[in-house]
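Just so you know, these numbers use all the heavy atoms, side chains as well, and skip hydrogens, waters and symmetry mates. Just so it is clear: chains get the letters A, B, ... in the order the sequence lines come, proteins before strands, and each one is counted from 1.
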Amino acid sequence: MNNRAVPGEGLAVIEEYDARGDVYVLDGEIYSTKVANIRINRKDRSLTSIGLKKPFPKPDDEIVGTIDQVQKPFVYIRINQLDGRNVGVKQTAVLYMKGSVRDAPAGREGDIIRAKVKLIRNAMLFVRIDEPELGVIFTSCSKCGGEVVPTGRSFVKCTRCGHRDYRKLAMDYKSGAK
Amino acid sequence: MMNLIDEGGKRLDGRSFDQLRPFSMQAGLLKSASGSAYIEQGGNKILVGVYGPRDSRSRYGTNQDKAVLRCRYHMLPFSTEERKSPQPSRREIEISKVIRDALEPALLLEEFPRSVIDIYIEVLQSDGGSRGASITAASIALADAGIPMKDLVSAVAVGKVNGHLVLDLSDTEDKEGEVDLPIAVMLNSGLITLMQMDGKLSEDEFRQAIDLAMAGAKELREAQRKALVQKYFKEVDS
């Protein structure tokens with residue numbers, strides 16, 4: 001059997017393997033549902049079809065996006081990158097900030113933020129930023145738009161107007177923005 | 001009636017009755033689309049872009065249980081012999097619906113509730129049988145977008161010309177022939193997702209026409225597969 005498949009390509013019959021991943025079973029036959037690589041594990045008799053393109057993020061996928069809107073306690077993020085690859089069609093993810101350390105939005109409109117998908121409910125993506133490498137990776141002053149420098153782990157200070165503001169900064173703040 | 005079959009039993013373009021027009025397919029041409037495809041079949045030149053699944057901006061027109069498939073078939077002003085108005089015509093609106101209905105059974109839309117998937121089909125040059133070619137190309141574009149599918153959908157028209165059943169009608173055969181029967185099919189299950197008929201066929205002829213279409217669809221499906229393999233695995237499949 002070929003180790004690659006396109007949608008609708010017959011892979012095996014259900015008596016042979018336990019079908020996993022991007023597969024579809026019709027009349028006892030296993031078909032791939034995506035352009036995929038096929039992995040066969042002869043020990044546990046499983047066949048896994050791994051789609052080469054993800055149309056929709058899955059839990060624990062890393063996203064990088066631009067903050068579109070802040071409506072406490074929600075932050076809406078327009079996804080630009082999924083697992084390091086640019087996405088053509090932008091989707092919106094929601095960051096829920098209630099109960100966070102400062103109960104304040106992690107970033108402001110226009111900031112670039114890195115997050116991980118927490119869960120997907122009704123096609124709504126909820127993301128989290130509770131790891132050190134997650135958070136704002138690029139920002140500017142929310143008052144004058146000037147350049148800011150981090151002061152401590154969670155604050156930034158504008159070099160032009162001196163305004164101090166809260167941000168949940170990622171560990172690699174600024175250097176992480178590509 | 002115009003004579004469309006010569007004395008040697010060949011059609012105007014030199015094809016035999018069960019022969020498809022020369023075709024080529026390519027996947028993944030557009031950078032900003034989730035998936036795309038280009039097809040040339042005879043004189044048809046068609047570009048397809050798929051966008052989505054993406055969250056719908058409004059609640060109107062969305063489904064809580066599955067993604068909504070939207071399709072726009074559009075012929076460019078220079079695609080026909082005479083300039084065509086860029087505004088969507090009645091025919092284009094109908095074909096958009098027909099194509100959407102032909103593709104929907106192949107897609108696992110339940111995986112993306114409250115989302116929309118848009119298919120944009122631009123006919124750059126038209127030469128009869130453009131709805132079939134559009135379905136074939138749209139199917140590649142959907143697979144390129146990573147949208148899970150039960151099977152690729154392949155489509156081709158069968159017609160009756162001077163009393164003979166012929167495969168893959170050209171523009172002249174479409175206009176001057178007696179019957180036009182476009183068929184879209186998912187070959188694994190044998191499920192026909194589109195069938196429209198202009199003209200009349202006897203029961204026997206109808207069965208023969210289906211067999212002819214299935215043979216043509218099989219050939220197209222292999223080309224669809226090759227286009228995807230070429231893009232994703234960077235090689236020509238033997």
Side-chain angles (χ1 to χ4, degrees), chain A residues 2-13 19 21-38 49-58 61 65 68-69 76-80 82-83 85-94 120-127, chain B residues 27-28 30-36 49-57 62-67 106-108 111-118 139-140 142-154 186-191 221-222 224-233 235 237:
Chain A
N2 221 330
N3 60 354
R4 62 195 186 200
V6 299
E9 194 154 326
L11 304 174
V13 289
D22 300 310
V23 290
Y24 169 73
V25 177
L26 176 74
D27 295 335
E29 202 158 332
I30 305 164
Y31 297 97
S32 177
T33 57
K34 288 185 185 176
V35 180
N37 280 320
I38 308 300
S49 170
I50 307 154
L52 297 181
K53 210 163 179 181
K54 277 187 209 171
F56 215 73
K58 290 197 164 54
D61 281 352
D68 219 13
Q69 207 179 0
Y76 296 92
I77 303 162
R78 211 87 183 117
I79 300 173
N80 300 324
L82 168 62
D83 277 344
R85 276 181 300 179
N86 288 344
V87 291
V89 178
K90 310 272 191 288
Q91 288 167 326
T92 305
V94 181
I120 301 163
R121 191 153 291 166
N122 292 329
M124 285 284 277
L125 289 171
F126 290 90
V127 293
Chain B
L30 305 175
K31 195 183 159 201
S32 57
S34 309
S36 56
V50 169
Y51 290 78
R54 55 184 167 188
D55 37 350
S56 174
R57 283 279 169 183
T62 57
N63 190 326
Q64 296 294 316
D65 304 320
K66 60 177 191 174
L107 301 171
L108 297 166
E111 291 195 15
F112 312 107
R114 291 172 55 186
S115 312
V116 289
I117 299 169
D118 288 305
S139 193
I140 301 174
L142 286 162
D144 182 37
I147 292 159
M149 301 170 83
K150 293 175 192 167
D151 197 357
L152 294 169
V153 184
S154 318
M186 288 160 62
L187 283 166
N188 284 339
S189 54
L191 185 72
R221 195 194 184 287
E222 197 44 44
Q224 287 175 302
R225 186 184 175 279
K226 276 183 185 168
L228 288 166
V229 165
Q230 209 163 358
K231 191 214 159 177
Y232 283 93
F233 303 104
E235 58 184 276
D237 210 25

message = Ignoring hydrogens, what is the shortest heavy-atom contact between G146(B) and K34(A)? Give both atom names and the distance.
response = O-CE, 3.2 Å
query = Given that the side chain runs from C-beta out, which part of D65(B) has a heavy atom under 4.5 Å from chain A: side chain, backbone, both or neither?
reply = neither
ask   = Any side-chain heavy-atom pair from Y232(B) and V6(A) closer than 4.5 angstrom?
value = no
task = Mind checking side chain to side chain contact (heavy atoms under 4.5 Å, CB included) for V13(A) and listing every partner two or more places apart, or none if nothing turns up?
result = E15(A), E16(A), E29(A)
request  = Identify, with sequence neighbours excluded, every residue that meets side chain to side chain contact (heavy atoms under 4.5 Å, CB included) alongside L26(A).
outcome  = Y24(A), Y31(A), S189(B)
request  = For the residue pair L108(B) and T33(A), establish whether any side-chain heavy-atom pair is separated by less than 4.5 Å.
outcome  = yes
request  = Output the option from A36(A), G51(A), G8(A) having the highest count of non-hydrogen pairs under 4.5 Å with chain B.
outcome  = G8(A)
message = On a heavy-atom basis, which atom in P7(A) and which in R221(B) lie closest, and how many Å separate them?
response = O-NH2, 3.1 Å
query = Are the side chain of Q91(A) and the backbone of P53(B) linked by a donor-acceptor contact shorter than 3.5 Å?
reply = yes
query = Between A143(B) and chain A, which part of the residue has a heavy atom less than 4.5 Å away: side chain, backbone, both or neither?
reply = both
inquiry  = Quick check for you: to the nearest 0.5 Å, what is the distance between E111(B) atom CD and I120(A) atom CD1?
reply    = 11.0 Å
